Each structure stands twice: as structure tokens, then as C-alpha cells.
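Working notes, structure below.
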There are 2 protein chains.
Amino acid sequence: MSDLPVRQGSLREHNLGLVLRQVANAPRPPSRADIAAATSLTRATVSALVDDLITGRLLAEVDPAPRAGAGRPAAGLVLAANGPAGLGLEINIDYLAACVVDLAGAVRHHRVRHADQRPRRPAEVLGELSELAATARADAEREGVEVAGAAVAVPGLVSAGGLVRLAPNLGWRGVDVPDGLGLDGLAVTVDNEANLAALGELHASQQTPASFLYVSGEIGIGAGIVLNGALYRGARGWSGELGHVAVRPDGPACRCGARGCLEQYAGQEAILHAAGTVDTEDLIRRAEDGDPATRAALTSAGTALGVAVAGVVNVLDVDTVVLGGVYAPLSRWLCPAVEAEVERRVLTAAWSPVAVRRSMLGADAASVGAAGAVVREIRDHPARWLTRALPLTP
Amino acid sequence: MSDLPVRQGSLREHNLGLVLRQVANAPRPPSRADIAAATSLTRATVSALVDDLITGRLLAEVDPAPRAGAGRPAAGLVLAANGPAGLGLEINIDYLAACVVDLAGAVRHHRVRHADQRPRRPAEVLGELSELAATARADAEREGVEVAGAAVAVPGLVSAGGLVRLAPNLGWRGVDVPDGLGLDGLAVTVDNEANLAALGELHASQQTPASFLYVSGEIGIGAGIVLNGALYRGARGWSGELGHVAVRPDGPACRCGARGCLEQYAGQEAILHAAGTVDTEDLIRRAEDGDPATRAALTSAGTALGVAVAGVVNVLDVDTVVLGGVYAPLSRWLCPAVEAEVERRVLTAAWSPVAVRRSMLGADAASVGAAGAVVREIRDHPARWLTRALPLTP
């Protein structure tokens with residue numbers, strides 16, 4: 001309960017957001033009159049707000065569909081395809097990625113470079129990512145899209161200001177990512193990759209439930225927790241370290257210093273090692289061919305994952321688990337084992353089933369989610385963007 | 001972001017709550033003028049609201065402290081001690097409890113009856129609890145306190161309407177608690193005991209952090225999750241089943257049907273069995289005397305608890321763990337083992353310590369928390385109470 005009155009300045013901000021959301025959520029391009037009817041704002045107010053949003057390149061007008069009956073049909077409004085866009089960057093253990101997502105949510109550019117990042121110094125990694133970012137920006141600008149900000153997904157714990165506090169699998173401690181990237185004049189935020197992937201998944205479809213556990217399987221294993229339509233970040237922003245939940249307290253030593261962590265049973269390298277291969281493509285091929293050692297390795301990883309996930313579901317009570325990252329292409333073989341443990345161990349599963357399914361965005365979830373987070377910031381706070389884009393407007 | 005305008009009716013509700021909170025949170029009894037100054041409401045508005053709150057027995061006037069200087073000092077306002085109160089009831093595996101908490105948070109009545117509830121039918125248990133409730137109500141009314149509603153704490157999963165869906169240790173399935181209690185004319189809500197205990201802990205002191213994991217150790221083990229000052233209930237209201245987190249996936253069989261659940265290592269009966277006794281008082285005496293078997297049993301339970309708690313802290317990122325229920329008097333011996341596992345397994349513990357401490361309310365947390373929840377409902381929504389208490393006011 002807020003004890004503060006609503007201020008005048010925030011009213012315009014609120015109404016700009018309201019109009020933009022009406023356009024974003026409408027099943028077909030609404031007219032100004034449609035928006036006035038839906039919001040109870042006057043037509044004059046809606047028109048002034050729409051004009052500002054068009055000048056600021058957040059909305060565009062499209063030709064109306066031909067209509068039977070009298071009167072000239074009104075122009076429809078859509079989110080601008082050539083407005084501001086988000087740049088999503090991802091640093092993972094064995095690849096770097098960059099993508100651009102426009103205001104309407106379309107992916108306009110996407111590049112991945114596979115290479116083990118562990119032997120490299122952070123400055124080298126960030127230098128190469130900066131090149132990927134420059135290419136993405138130049139590509140987007142050729143299409144008339146302006147990159148308005150960047151978000152970087154990292155497989156680790158991030159502090160305020162984009163400092164990577166700890167990324168155990170990269171061996172990074174205290175790395176200042178925005179500083180290392182040096183992206184001229186671009187606001188850069190940094191977040192955990194599972195968090196950004198979970199946000200990507202949340203906004204990828206209207207069918208995504210409001211609460212779910214997103215599991216990002218890579219060499220490390222992270223989780224993004226979405227509760228009632230919002231990302232849960234934890235008391236200090238370090239939630240979701242699923243990879244370090246103990247499966248067997250006296251199991252094999254983990255890079256984090258503890259023993260028996262989930263990563264030692266279900267991390268990408270543990271699975272490859274158990275299956276006797278070093279390559280995920282090869283692993284998938286063998287699994288498709290029905291190779292017994294590969295199938296057994298995947299069942300065993302799925303069981304360990306299921307034990308850890310069942311514990312989280314017992315504590316958090318979410319009814320959907322989404323398998324992402326490298327788990328997405330492996331989900332055909334992982335899901336049955338995860339489901340069996342969840343069914344056996346989750347107290348409520350007997351009368352209220354828990355759905356375990358693959359991510360819709362697959363391996364691109366973190367970079368697409370990162371770019372989408374930049375775009376959503378603009379969509380949620382259009383007034384801030386307009387202040388930047390239209391500096392002469394009072 | 002709400003798209004709805006603020007309505008006139010809710011303004012009075014809002015302001016009544018605002019005035020009541022000012023009184024509740026003030027370091028000393030404020031005058032009407034103090035409240036007007038703090039809220040920016042006019043003195044006339046504050047006076048009218050205060051009059052209604054006094055007539056409705058939510059506020060009372062106290063004599064002002066003598067004051068130097070000119071003018072008659074104004075009367076101070078306090079929460080009414082003889083206003084509406086909350087009845088808290090608890091069903092646990094080996095006891096029943098009832099208590100009454102007044103509007104100012106004082107415990108006015110508290111009774112516990114120890115007896116194993118497992119051999120009894122739900123109707124018998126609810127019948128005895130109903131008697132405890134009647135005694136508590138009669139006691140309170142003799143002191144001029146009116147019980148305004150009841151909340152019941154149960155060791156299980158509760159559905160809408162107060163139906164206990166499953167209480168594994170009691171063997172209850174589908175028990176309608178409000179119906180079985182039959183408390184005449186009293187609104188009865190039912191909630192998980194760890195949830196109500198966590199709420200009790202949250203409001204027991206200004207020092208309680210805004211986010212913490214409350215662990216309720218009884219024969220079963222539950223958890224109440226408080227995030228940013230609010231109870232997190234889960235997607236379906238069934239969060240906090242910490243007792244069924246796996247410590248060893250192939251460990252001993254649990255009453256829930258799975259294997260290796262935390263309850264099998266750190267539940268009250270597992271600890272008593274390992275220490276070679278059947279009574280908690282005796283266990284505490286032996287631990288105080290330094291009995292090696294007892295100390296070893298407590299360390300072993302604390303280690304298992306620490307493994308499970310570390311997993312939750314890795315996923316949820318809370319920096320405080322509160323040990324309640326029977327764990328409160330045992331915390332001297334449990335805490336070191338819990339802390340050792342947390343320090344070893346929580347990824348962020350190296351630079352950001354996690355505090356493990358005993359509950360302030362101890363064994364009474366659930367019943368006191370239940371009564372407090374009724375009182376807070378009145379304090380948060382005074383207009384609803386006034387509508388009931390002052391039916392003639394428009």
C-alpha cells in the first residue's frame with residue numbers, strides 16, 4: 001500500500017505506457033478511437049499521446065483493412081519495426097552470441113561463435129564479444145533499426161553495475177563487463193544467463209504460465225525463477241544456483257569447492273563424459289540412433305536433474321519446469337527421467353501434475369531474452385525513451 | 001501497473017488504514033495533529049477518521065504526558081487493547097494449541113495440550129481443538145476482548161476453503177477443518193503451520209529481515225518463505241515442503257512414498273531415535289550434559305538439514321535462515337552443523353555470509369502467528385471491521 005499521492009508528471013508517463021500496451025496486446029492494429037474506447041481516455045488525449053509515440057518511433061501507422069459500410073476506415077497502429085531495438089549479448093563457457101530484437105519482438109540479427117572461453121583472459125573474451133556487438137549494430141542500422149541499449153547474459157553471479165562477482169566455470173572473479181566491452185554511448189546491463197533466458201521464455205508466448213522454473217543446462221546449470229509473471233532475483237540478486245544443489249552430499253568434488261553438486265551429474269560435460277563423446281551434436285546423433293551408453297547417460301543425468309528439480313518444486317510450488325540451453329535438444333531423452341523423479345518426490349504431484357517441457361527458444365533463449373529485456377524496458381517506460389529521442393519536447 | 005483509476009470509496013478505506021498504521025508504527029502515542037502532519041491529511045479529516053476508529057474499538061485515547069510550556073497537551077492515540085482480537089489455533093502431530101493476540105500484538109491467552117494426534121480420528125482432534133477455542137474465547141471475553149476471527153495452523157497442504165488436502169504425518173486427506181471445528185459465527189481460515197509461524201516471526205520484531213527462510217522442525221519439517229516482507233505461498237499455495245527435499249536419493253523410505261527425504265534424517269522422531277530417547281525434554285537434558293550419542297545425533301541431523309537448506313539458499317538467495325519449532329530449543333547444537341554445510345555449499349557464502357539463528361517465538365510461533373494473522377487482517381483493512389462493528393454508519 002503506497003502512502004503517496006499520484007503526481008501529475010507520472011500521469012503522462014502512465015498514459016503513454018497504457019497506450020503502448022494497448023497496441024502491443026491488441027489482436028489486430030487498433031485505431032486511435034479503439035484505444036480511447038479501451039482506456040476511457042478522451043480521443044484528444046489519445047491522439048496527442050499517439051502523435052508523440054509516432055514521432056518517437058515507438059508506434060507506426062498502417063493502412064486500414066478495407067471495410068464494408070459507410071465512412072473512411074481509420075489507420076491502425078502497430079509497434080514500430082524501425083524504432084529502437086535491443087542488443088542481446090551472451091558469454092557462455094563454449095560460445096559467444098549476439099542478437100538484435102526490435103520493438104515488436106522480431107529477431108533482426110543473430111550470430112553465435114563456438115569456442116571454449118575457459119583458456120582465454122576475460123579481456124580477450126570481452127574484446128571478441130565487442131566485435132560481435134559492433135557487427136550486430138552495423139547490420140541493424142543498415143536496416144534502419146537503432147540499437148537503444150544492450151544486455152549481457154553471463155553464466156555467473158552479477159553485482160550492481162555489471163560486475164561479475166563469480167563465474168565458477170569460466171574462472172572469473174570480479175570482472176567489470178561493461179568496462180571491458182566499451183560499447184560507445186550504449187547503456188549496458190549485465191545479468192545471469194538463466195535469468196535472461198527465463199524472461200525470454202516468459203515473453204515468447206501467451207501460453208507460457210505465469211510461474212515456472214526455467215532450467216538452463218550448459219556446462220554449468222542455472223535456473224531462472226518466474227513467479228506471477230515476474231523474475232524472482234533473490235534477496236541479493238543471486239538466485240537460481242541450481243547447479244550447486246547437492247544430489248549426493250558425499251559425491252564427486254565440484255569446481256565450487258563442495259561435493260555432489262548437480263553439475264557433477266547433469267552438467268553438459270558430465271553427460272558427454274558418461275556417454276563417451278566430447279561433442280553435443282555427436283551425443284544427439286548417438287541418442288537418436290539408440291546407442292545404449294548414450295541413452296543410459298541421459299537417463300542418469302535426467303534422474304539427478306529430477307531429484308534436484310523435485311526439491312525445488314517441493315519448496316517453491318511451481319507447476320511447470322522448462323528445460324533450456326543444451327537440455328532443449330536433449331529433452332526427448334531427459335524429460336521421462338525428470339518426470340519420474342518429480343512424480344515420485346513432489347508431495348502434490350499425486351493430485352496436481354507438474355509439467356516438464358522443453359524451452360520454446362531453445363539454445364538462443366539467453367541472448368534473445370537479453371535483447372528482449374532492453375526492448376521491454378522501453379515498452380514499459382516509453383516516457384524515458386521519448387525524453388531521449390525527442391529532447392525538444394517539453 | 002494498474003490501469004484502473006482510484007475510486008472514491010477506496011479513498012476512505014485507504015485513509016483509515018493510513019491513520020491506523022501511523023498509530024501502530026509511532027514510537028510514542030501520537031496526537032491527531034501529529035497524524036495530520038505525518039500524512040498531509042487535514043486535521044478535520046484525521047479527527048473524523050480517528051473518531052470512527054475509536055467508536056469501532058480499534059484506537060483508544062491515553063492521557064498525554066505532562067509537558068512544559070503553554071497550552072493543554074493533546075491526548076495520545078494507541079491501538080485498543082480491548083478491541084477485536086485474533087484466535088490462533090494449531091494442530092500438530094503431538095500437540096494442540098490455542099492463543100489469543102490483541103490488536104496491539106499482546107498475547108492474552110495461551111494453552112498447549114500435549115498428546116499424540118496420530119491415533120485419533122480427525123473429528124476427535126477437531127472436537128478437542130474446538131473446546132480449547134471455546135475456553136480461549138471465554139477467557140478473552142472476560143477481559144473485555146472480542147475474538148474477531150480465527151486462523152488454524154496445520155502441518156500439511158491446505159486448499160481454498162480450509163480443506164486440508166494432505167497432512168502426511170497425521171494421515172489426513174481431504175479434511176474440512178472449519179466444518180469440523182464448528183466455531184459459531186467466527187470466520188475461520190486455515191493455513192500451513194510453517195507459513196503462519198514465518199508470518200509470526202516476520203512481525204515479532206523490527207529486526208527481522210525482509211527476506212528469510214523459516215524452518216519449522218517438528219515430526220514433519222516445513223518451511224515458510226518470506227520474500228521482501230511478504231509470505232511466498234507458491235503457485236498453488238503449497239510451497240515450503242522442505243521435509244521432502246531429498247538428502248540422499250536412495251536413503252530410507254519416507255511416509256510420503258519417496259526415499260531419502262530430509263524428514264528421515266532431521267525430523268524430530270529421527271533425532272530422538274538416533275539419540276536413543278523418546279522425549280524432547282530428555283533429549284535437551286542429555287545434550288546439555290554432553291552425552292556423546294545425543295550430540296552426535298544432533299550434529300548428524302544438523303548436517304542433513306544444512307545440505308537441504310544450502311540447496312534452498314542457492315536457489316532462492318535469502319541471507320537468513322530461522323530455526324523454529326523443536327529446532328528452536330535445539331538450535332545451540334544444530335546451528336554449527338547447519339552453518340558448516342551452508343558455508344561449504346552456498347556459492348555466495350564466501351563473500352556474503354548467511355545467518356542461521358533460532359526463532360524468536362520458539363515453539364509458539366505457529367499459534368501466535370495464526371492469531372497475529374487475524375489481527376493484521378483487521379489492521380490492514382480497518383474499513384471492513386468498522387462495517388461489521390458499526391453497522392449504522394453509512
Side-chain angles (χ1 to χ4, degrees), chain A residues 1 3 5-6 14 17-18 21 39-40 157 165-166 168 209-212 223 225 227-228 232-249 256-261 303-304 307-308 310-312 314-320 341 344-348 350-352 380, chain B residues 1 3 5-6 14 17-18 21 39-40 157 165-166 168 209-212 223 225 227-228 232-249 256-261 303-304 307-308 310-312 314-320 341 344-348 350-352 380:
Chain A
M1 250 177 282
D3 291 348
V6 176
H14 174 84
L18 188 55
R21 277 197 302 283
T39 58
S40 302
L157 300 162
R165 201 68 196 248
L166 177 66
S211 298
F212 61 94
I225 303 167
L227 304 176
N228 303 319
Y232 170 70
R233 294 181 174 280
R236 299 155 306 178
W238 299 325
S239 67
E241 288 300 329
L242 184 67
H244 301 284
V245 167
V247 173
R248 292 176 192 276
C256 76
R259 288 197 159 273
C261 297
T303 299
V307 169
V312 175
N314 265 322
V315 171
L316 272 188
D317 179 35
V318 288
D319 60 7
T320 305
E341 290 302 316
R344 191 179 163 209
R345 297 182 178 280
V346 172
L347 214 55
T348 59
W351 70 86
S352 185
D380 288 347
Chain B
M1 248 174 284
D3 292 347
V6 175
H14 175 83
L18 188 55
R21 278 197 301 283
T39 57
S40 302
L157 301 161
R165 201 68 197 248
L166 177 67
S211 298
F212 61 93
I225 303 166
L227 304 175
N228 303 318
Y232 170 71
R233 293 180 175 279
R236 299 155 306 177
W238 300 324
S239 68
E241 289 301 328
L242 184 68
H244 301 284
V245 168
V247 174
R248 292 178 191 276
C256 76
R259 289 197 158 272
C261 296
T303 300
V307 169
V312 175
N314 265 322
V315 171
L316 272 188
D317 179 36
V318 288
D319 61 6
T320 305
E341 290 302 316
R344 191 178 164 212
R345 297 183 178 278
V346 172
L347 214 54
T348 59
W351 69 85
S352 187
D380 288 347

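If you're wondering where the values come from, they're calculated on a predicted model, not measured in any experiment. The sequence lines fix the lettering, A, B, ..., with proteins before strands; numbering per chain opens at 1.
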Quiz item: B:S211 versus chain A, heavy atoms under 4.5 Å apart: side chain, backbone, both or neither?
Solution: side chain
Quiz item: Of the backbone (N, CA, C, O) and the side chain (C-beta and beyond), which part of A:V318 lies under 4.5 Å from a heavy atom of chain B, both, or neither?
Solution: both
Quiz prompt | Top contributor to chain A interface from B:G257, B:A246, B:P168, B:G234 [non-hydrogen pairs under 4.5 Å] | solution = B:G234
Exercise. Could you tell me the separation between the CG atom of A:N314 and the SG atom of B:C261, rounded to the nearest 0.5 Å?
Key: 7.5 Å
Quiz prompt | chain B interface, residue from A:P249, A:P209, A:G243, A:A210 that has the most non-hydrogen pairs under 4.5 Å | solution = A:P249
Quiz prompt | Pairs of heavy atoms under 4.5 Å with chain A: top-ranked of B:G237, B:A304, B:G311, B:G240 | solution = B:G240
Quiz item: Hey, what do you get for CD (A:E241) to CG (B:L347), rounding to the nearest 0.5 Å?
Solution: 5.0 Å
Quiz prompt | Contacting moiety of B:R233, where chain A heavy atoms sit under 4.5 Å | solution = backbone
Quiz item: Taking the side chain from A:R345 and the backbone from B:R259, do they hold a donor-acceptor pair closer than 3.5 Å?
Solution: yes
Exercise. Specify which of B:L242, B:V307, B:T348 makes the most heavy-atom pairs with chain A at under 4.5 Å.
Key: B:T348
Self-check item: Gap separating the CG atom of A:N228 from the OH atom of B:Y232, nearest 0.5 angstrom
Solution: 7.0 Å
Exercise. Sort B:S40 into side chain, backbone, both or neither according to what part of it lies under 4.5 angstrom from a heavy atom of chain A.
Key: neither
Practice problem: Return the option, out of A:A235, A:A223, A:A258, with the maximum number of heavy-atom pairs under 4.5 Å with chain B. | Solution: A:A235
Quiz item: chain B heavy atoms under 4.5 Å from A:V247: which part of the residue, side chain, backbone, both or neither?
Solution: both
Quiz item: What part of B:I225 gets closer than 4.5 Å to chain A, counting heavy atoms only: side chain, backbone, both or neither?
Solution: side chain
Quiz item: Of the backbone (N, CA, C, O) and the side chain (C-beta and beyond), which part of B:L316 lies under 4.5 Å from a heavy atom of chain A, both, or neither?
Solution: both
Quiz item: Any idea which of B:L157, B:T303, B:D317 has the most non-hydrogen atom pairs under 4.5 angstrom with chain A?
Solution: B:D317
